[in-house]
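Remarks on the structure that follows.
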Amino acid sequence: MKLAKIALAGSMALGLVPAVPGTAAARPIKSRTLTDNRLYGAGALPVTGCRERPVKKADARSAKVYLNEMLNCLTRSWGAELHRAGLKQSRVKLTYATEVPAKYCGAKWRKDDWDGYYCDASHTILIVLSKDLLEDPGDLYLFNLLATQYGEHVQNVTGIYRAGMHLGYRNKAELAEQLRRYNLQGYCFAGASLRSVWKSFRRDREDWDDLLYFLRGWAGKYGGNRKSVTYWANEGFRSGDPGACNTWAAPSSKVA
């Protein structure tokens with residue numbers, strides 16, 4: 001498995017969160033949309049039967065077939081979850097490129113860093129099926145890449161993205177923590193997504209452990225340290241419940 005490369009936090013990772021002098025959010029986070037979202041009370045994601053189609057090395061077509069099927073599974077699982085929470089679902093559009101674009105969703109693409117990006121404005125996920133990405137496609141990387149982007153969509157349609165965007169901050173350290181809360185929640189949502197389809201995948205626990213090992217490569221200033229990435233990804237996968245992914249109510253030590 002190659003080291004994961006995804007866009008962290010969409011527009012938020014690009015430093016577009018507005019600074020609001022004099023209205024800095026105190027810790028803990030005070031927004032109920034973030035800390036007490038209706039999504040958290042909906043229970044575990046429903047178990048969803050999902051067929052993993054084989055992906056051939058260096059074959060973009062088979063990767064598209066795989067990802068399109070995974071998107072259908074994620075849409076069924078999260079659609080039912082959002083309905084139970086009394087929240088409106090909005091379908092995700094999935095597009096592909098073989099080379100990185102110069103710009104996407106109004107932002108300059110960081111060629112060396114991103115394999116996928118979720119555009120909050122158009123509800124579209126772009127996956128770049130580069131030669132590097134398709135070098136070793138037989139593991140869970142493609143699913144997790146898509147599930148993480150889909151997690152951003154969930155954050156968008158539940159109001160979490162907008163509420164996070166409108167949090168003020170007193171300094172760069174507080175902004176960095178807010179971004180970590182956002183990103184770590186996305187990793188947790190992706191873990192919950194995988195749990196919802198895990199039985200039908202017929203994979204071993206070793207496959208999750210291997211994926212978790214590489215997820216630690218996402219650690220960083222805005223992605224959380226290795227301990228935090230491990231904790232939140234495991235919380236999602238262990239429980240399958242978005243309610244276990246409430247990073248916004250967690251102490252700072254859990255989102256370091």
Side-chain angles (χ1 to χ4, degrees), residues 1-10 13 45 48-56 59-82 89-98 100-101 104-105 109 113-120 122-130 132-157 161 183 185-198 200-201 203 207-208 210-212 214-215 217-218 223 229 232-233 236-237 240 242 245:
M1 177 189 292
K2 62 191 290 298
L3 184 63
K5 296 191 297 181
I6 66 167
L8 297 179
L45 288 168
T48 303
C50 189
R51 179 184 176 186
E52 272 200 293
R53 298 180 182 273
V55 182
K56 300 176 183 178
D59 184 1
R61 182 180 178 278
S62 64
K64 290 179 183 180
V65 170
Y66 176 90
L67 288 166
N68 288 339
E69 182 63 27
M70 296 303 103
L71 178 63
N72 289 335
C73 297
L74 290 168
T75 299
R76 292 199 304 271
S77 186
W78 280 104
E81 184 77 356
L82 291 167
Q89 167 69 314
S90 176
R91 292 192 67 86
V92 175
K93 291 175 284 186
L94 182 57
T95 60
Y96 302 98
T98 55
V100 297
Y104 179 70
C105 196
W109 194 280
D113 293 343
W114 299 351
D115 285 334
Y117 193 100
Y118 171 73
C119 183
D120 60 285
S122 62
H123 295 187
T124 301
I125 295 171
L126 174 62
I127 302 293
V128 180
L129 297 174
S130 63
D132 185 42
L133 180 64
L134 297 175
E135 188 176 293
D136 184 16
D139 50 38
L140 286 170
Y141 174 73
L142 282 176
F143 177 86
N144 195 73
L145 174 64
L146 180 63
T148 302
Q149 304 299 333
Y150 201 99
E152 277 210 62
H153 175 67
V154 173
Q155 289 172 304
N156 189 14
V157 299
Y161 173 79
N183 284 315
Q185 183 173 59
Y187 306 160
C188 188
F189 282 173
S193 295
L194 183 56
R195 171 56 66 186
S196 73
V197 299
W198 186 253
S200 63
F201 275 15
R203 286 179 175 266
D207 291 308
W208 167 249
D210 288 345
L211 177 61
L212 191 61
F214 284 96
L215 289 182
W218 294 1
V229 171
W232 288 107
F237 182 71
C245 300

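Only a predicted model underlies this, so the values are computations on that prediction, with no experimental measurement involved.
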Audit row: Trp232, Asn183, side chain to side chain contact (heavy atoms under 4.5 Å, CB included) steps and yes/no: CA-CA 10 Å; Trp232 288 107; Asn183 284 315; over 6 Å; no

Verdict with reasoning, Glu52 to Tyr66, per side chain to side chain donor-acceptor pair (under 3.5 Å): CA-CA 7 Å; Glu52 272 200 293; Tyr66 176 90; 2.8 Å; yes

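Every side-chain hydrogen bond (donor to acceptor under 3.5 Å, both in side chains) that Trp208 has, sequence neighbours left out, goes to Asn234. Every residue two or more places apart in sequence or in another chain that forms a side chain to side chain contact (heavy atoms under 4.5 Å, CB included) with Ala60 is listed here: Leu129, Leu134.
Of the possible polar contacts, none joining the Asp120 side chain to the Asn156 backbone as a donor-acceptor pair under 3.5 Å is found. Looking at Arg76, its side chain never comes within 3.5 Å of a backbone N or O of Cys50 through a donor-acceptor pair.
Atom OH in Tyr150 sits 8.5 Å away from atom OG in Ser77 (nearest 0.5 Å). Expressed to the nearest 0.5 Å, how far CG of Leu74 lies from NE2 of His153 amounts to 10.5 Å. Here CG of Leu140 is found 9.0 Å from CG of Asp210. Values are rounded to the nearest 0.5 Å. Here the straight-line distance linking atom CZ of Arg203 with atom CG of Leu211 works out to 9.0 Å at 0.5 Å rounding. In this structure, OG1 in Thr48 is found 11.0 Å from CH2 in Trp78, a value given to the nearest 0.5 Å. Between the OG1 atom of Thr75 and the CD atom of Gln89 there is a distance of 6.5 Å, given to the nearest 0.5 Å.
For Arg51 against Glu69, the heavy-atom pair with the smallest separation is O-CG, 3.5 Å. Residues Lys93 and Ser122 share a closest heavy-atom pair of CE-O, 3.2 Å. Across all their heavy atoms, Leu94 and Leu67 have their closest contact at CD2-O, 4.0 Å. Pro54 approaches Ser62 most closely through the heavy-atom pair O-CB, 3.9 Å. Scanning all heavy atoms of the two residues, the minimum distance from Ala192 to Leu45 falls at O-CD1, 3.5 Å. Considering every non-hydrogen atom in both Cys245 and Gln185, the closest pair reads O-NE2, 3.0 Å.
Looking at His123 and Val157, their side chains come closer than 4.5 Å, going by heavy atoms from C-beta outward. Val128 has its side chain out of reach of Asp115: every pair of non-hydrogen atoms, C-beta onward, lies at least 4.5 Å apart. With a 4.5 Å cut-off on side-chain heavy atoms, Leu133 and Leu142 count as touching. You'll find the side chain of Leu126 reaches within 4.5 Å of the side chain of Pro101, heavy atoms only.
A cation-pi arrangement, defined by a distance under 6.0 Å to the six-membered ring centre and an angle within 45 degrees of its axis, is present between Arg195 and Phe237.
Tested against Glu152, the residues Tyr117, Phe189, Tyr118 include a single side chain to side chain contact (heavy atoms under 4.5 Å, CB included) partner, Tyr118. The side chain to side chain contact (heavy atoms under 4.5 Å, CB included) with Asn144 is formed by just one residue from the set Leu212, Leu194, Leu215; it is Leu215.
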